[in-house]
Enquirer: 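I have a structure I would like to understand better, so I am pasting it below and will then ask my questions one at a time.
Just so it is clear, the values below take in all heavy atoms, side chains as well, and ignore hydrogens, waters and symmetry mates. Quick caveat: nothing in here was measured; it's all calculated off a predicted structure.
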Amino acid sequence: MSSLNLDLIPELREAVRSGALVLHFQPEVDLTCGSVVGMEALLRWQHPQRGLLWPREFLAVAEAAGLMPDIGRWVLDSCIREAAAWSRLPGRPLAASWAVWLNVTASQLSEPGFPGEVAERIAAAGLPPRRLGLEVTEESLNRLGGRARGVLEELRATGVLLGVDDFGTWYSSLATLQELPVDALKLDRSFVRGVGSDMADDTIVESVIRLAHAHELYVVAEGVESWTEGARLCELGCDRALGYLFSGPQRADRARDMLARGFGWRAGAGAAGAVSGGTVMQGPSGG
């Protein structure tokens, strides 16, 4: 670890203690009807000098400092609290499949009491379990090895949704994933980048979508940044998407406002009218 990262350890400890960590939320959009069907929670650190830091800039430091359990519990509690608040918003009922999604690490999943902890926190908040989704990356599944199925089955018993994040960045195949009790498959941006402009990418994505549907998984495309990508994904049968085509990550209050007033996507409207009701932002998608 570099000296710069070592210098961040005491600052990160203080950030965890003082509440300088924040969550931003990015809407997940149903490509068939344009409704918001979820929010993906993204961790940030509001550093007093360096500004808003993304996870890749501090999570390695958190692991080295032994702070990941505290951070993981804070993220879980914050997501449950926001999901409960959004579920009670007046005037605009949420889609039946709507949920807040957060990423959980292999170390969290390895804790024997984690499923029970999730169940207790959901019950205490009065949140219907299916309003919370837990994502695990292919890398984390690989680290869990033969324990993965048992851990996920325990979590499934709590009633939460389960998804595989960043599909395509590791070595798992759909043949392996079909053995796991998961609901969703999230296509990594590397799959999405050439959709609509590269026939080979279209063929790969269409094959993944068909196989996922055959195993009763719904597919979410990550990092959708252009109307061409969004429209082509819709044609290929992709169920949902998130990315800067629709909105960048937002603070909780702005995400709440966006959800309350509605957000739509019209695949047949052309590039100028494809997105309505939300905040369209340009720039790279981030986790």
Enquirer: Is the shortest distance from a Lys or Arg side-chain nitrogen in Arg121 or Asp77 to a carboxylate oxygen in the other one below 4.0 Å?
Expert: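 Yes, Arg121 and Asp77 are salt-bridged.
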Enquirer: Should Val208 and Phe167 count as side-chain neighbours, where that means a heavy-atom distance under 4.5 Å?
Expert: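 Val208 vs Phe167: side chains touch.
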Enquirer: Whether the side chain of Arg131 engages the backbone of Trp98 through a donor-acceptor N/O pair (distance < 3.5 Å, no angle test) should be reported.
Expert: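 Checked: pair present.
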Enquirer: Please answer whether the main-chain N or O of Glu225 pairs with a side-chain N or O of Glu229 as donor and acceptor at a distance below 3.5 Å.
Expert: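 Such a contact is found between Glu229 side chain and Glu225 backbone.
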Enquirer: When you check the side-chain N and O atoms of Ser107 and Ser110, is any donor under 3.5 Å from an acceptor?
Expert: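 Ser110 and Ser107 do not have a side-chain donor-acceptor pair below 3.5 Å.
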Enquirer: Clusters formed by hydrophobic residues whose side-chain heavy atoms approach within less than 4.5 Å: which one holds Val22, and what are its other members?
Expert: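 Traced through the cluster, Val22 reaches Leu52.
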Enquirer: Salt-bridge test for Arg17 and Asp70: reply yes if a basic N is under 4.0 Å from a carboxylate O, no otherwise.
Expert: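 Salt bridge flag = no for Asp70 with Arg17.
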Enquirer: Of all the heavy-atom pairs spanning Pro27 and Ser247, show the shortest one and how long it is.
Expert: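 Minimum heavy-atom separation between Pro27 and Ser247: CG-CB, 3.7 Å.
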Enquirer: Please examine the side chains of Val136 and Leu109, heavy atoms only from C-beta on, and report whether any two atoms are closer than 4.5 Å.
Expert: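 They are in side-chain contact.
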Enquirer: Backbone N or O of Thr105 within a donor-acceptor pair of the Gln108 side chain at under 3.5 Å?
Expert: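 Pair found, side chain donor or acceptor close to backbone of Thr105.
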Enquirer: Do you know the tightest heavy-atom contact between Ala125 and Ala84?
Expert: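 Nearest pair, atom of Ala125 first, then Ala84: O-CB, 4.1 Å.
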Enquirer: Test Phe25 against Trp101 for ring pair (Phe, Tyr, Trp, His ring centres under 6.0 Å), laying out the working first.
Expert: CA-CA 9 Å; Phe25 295 89; Trp101 289 85; over 10 Å; no
Enquirer: Which atom names give the shortest non-hydrogen contact between Tyr218 and Arg240, and what distance separates them?
Expert: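 Taking every non-hydrogen atom into account, OH-NH1, 3.3 Å.
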